[in-house]
Number of protein chains: 2
Amino acid sequence: MKWSQLADQPCSVARSVSVIGDRWTLMILRDCFLGIRRFDDFERRLRISRSIIADRLKHLVDEGVLRRDEYQQNPVRHEYRLTDKGLSLHPVIMAIVHWGDTHYAGEQGPPLLHRHRACGCDFHPVLACSECGEPVGPRDVEVRTGPGGV
Amino acid sequence: MKWSQLADQPCSVARSVSVIGDRWTLMILRDCFLGIRRFDDFERRLRISRSIIADRLKHLVDEGVLRRDEYQQNPVRHEYRLTDKGLSLHPVIMAIVHWGDTHYAGEQGPPLLHRHRACGCDFHPVLACSECGEPVGPRDVEVRTGPGGV
DNA sequence: CCCCCTCCGTTCTAAATTTGAACCCACGTT
DNA sequence: AACGTGGGTTCAAATTTAGAACGGAGGGGG
């Protein structure tokens, strides 16, 4: 199987991964959630070649994860902002951050803290059930074939 | 920046991505959560070359995400199982699945359904606050530098 | 007017990675 | 003995990436 065929698999992980499952794409999305919007801010933060940044941004725009908005004319300049579809990746990024915080933070603690505005506490993300609201662990889930399955 | 330098960044996303931010690695982890354990079951499901599978499995074992257990002798055979560190990737995989279900499911619906054993309902994952238990959206989070930050 | 700077890319070649196919080995089976 | 199976390793070829150079449209200073 090739990367390009991933999108056609009857599997939501495969379809998602074909869009966002790339190291630099995930780093760009991290920056988007931190408010980065301009090409050369991405470049400064990532220190990778511009061709890769251009390629990934274009891909994300094509997929509807980012929007390319004009923010000035003369000369025309664009900024890249998360669409609703892009914002819905928030749980993915938060889960990845939390896994890194848990297993790779140095002695001093995590590089970033996240405060929940509603309750005012620093928090970490918990996976909860949409139906009952209780936390869900790996053993609490029973997987079975759905309507779109094989 | 190179991939190998990602692990040294003061950023939990970068550190996580250096371990799991690879298309095939994510596909392998998906299969692990579905109960796949043996080399050639991974091969049959992914249809990619064995060298890639061997490489990714070794990498995940080195990182402590999978454990390589002997399950028979004569000849000796191993199976790959999630460690606790690996199991703690569950929210990441669930978040990715849900994003794919939301944006890429066909007309018939998602390929797989997930039932929460505790409440008996088919559910989707919700990102909740560890402190107050309420759902958390992208706008509800205030990020600031933590103790391990620059 | 001329030169240089910024922002935002594109293009090109060399270097690195990824891939699939072929090979290997130890056993078990016919 | 010949063949099949589980579980890999090796290696040349295809793909991706890196990084530097190039471009271009406007703005600012002299």
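Labels below follow one simple rule: chain letters A, B, ... track the order of the sequence lines, proteins then strands, and each chain is numbered from 1.
Between the CZ atom of A:Phe42 and the C1' atom of C:dC7 there is a distance of 14 Å, rounded to whole Å. Distance NE2 (A:His78) to C1' (D:dA25): 13 Å, rounded to an integer number of Å. Here the P atom of nucleotide C:dG9 and the CD atom of A:Glu70 are 12 Å apart, to the nearest Å. Following rounding to the nearest Å, A:His59 (NE2) and C:dG9 (P) show an atom-to-atom distance of 17 Å. Here D:dT5 presents its P atom at 14 Å from OH of B:Tyr71, a figure rounded to the nearest Å. Taking atom CZ of A:Phe39 as the reference point, atom C1' of D:dG23 lies 14 Å away to the nearest angstrom. The CD1 atom of A:Ile53 sits 14 Å away from the P atom of D:dA20 (whole-angstrom rounding).
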Extract from the structure each pairing of a protein N or O with an N or O of nucleotides 10-17 of chain D at less than 3.5 Å, listing the distance.
unit_1 : atom_1 : unit_2  : atom_2 : d
D:dT17 : OP1    : A:Arg56 : NH2    : 3.1
D:dT17 : OP2    : A:Arg56 : NH2    : 3.4

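Between A:Lys58 and the phosphate of C:dT10, there is a side-chain N or O to OP1/OP2 separation shorter than 4.0 Å.
Counting heavy atoms of neighbouring residues, nucleotides and ligands inside a 6.0 Å radius, atom CZ of A:Arg144 exceeds 12 of them. Open room surrounds CZ on A:Arg47; 12 or fewer heavy atoms of other groups in view lie less than 6.0 Å from it.
Ring-plane geometry between A:Phe33 and A:His90 is classed as tilted, the angle between the planes lying from 30 to 60 degrees on a 0 to 90 degree scale.
Using a 4.0 Å cut-off between a side-chain N of Lys or Arg and a carboxylate O of Asp or Glu, B:Asp40 and B:Arg44 qualify as a salt bridge.
Summarising the geometry of A:Glu131 relative to B:Cys119, their closest heavy-atom pair is CB-SG, 4.3 Å, with the distance given to 0.1 Å. Between A:Asp31 and A:Arg45, the closest heavy-atom pair is OD1-NH2, 2.8 Å.
No hydrogens or angles were tested; on distance alone, nothing pairs the side chain of A:Arg77 with the base of C:dC8 as donor and acceptor under 3.5 Å.
Backbone-only contact: B:Tyr80 has heavy atoms under 4.0 Å from sugar-phosphate atoms and none from a base. When heavy atoms are screened at a 4.0 angstrom cut-off, B:Arg68 is found touching the sugar-phosphate backbone but no base atom.
Nearer to the 5' terminus of DNA chain C, by closest-nucleotide assignment, is the contact made by A:Glu43 (compared with the other of A:Glu43 and A:Arg23). Looking at which nucleotide of DNA chain D each of A:Ile48 and B:Asp41 is closest to, the 5′-most match is held by B:Asp41.
A donor-acceptor pair is defined here as one N or O able to donate and one able to accept, closer than 3.5 Å; no such pair exists between the side chain of A:Asp69 and the backbone of A:Tyr71.
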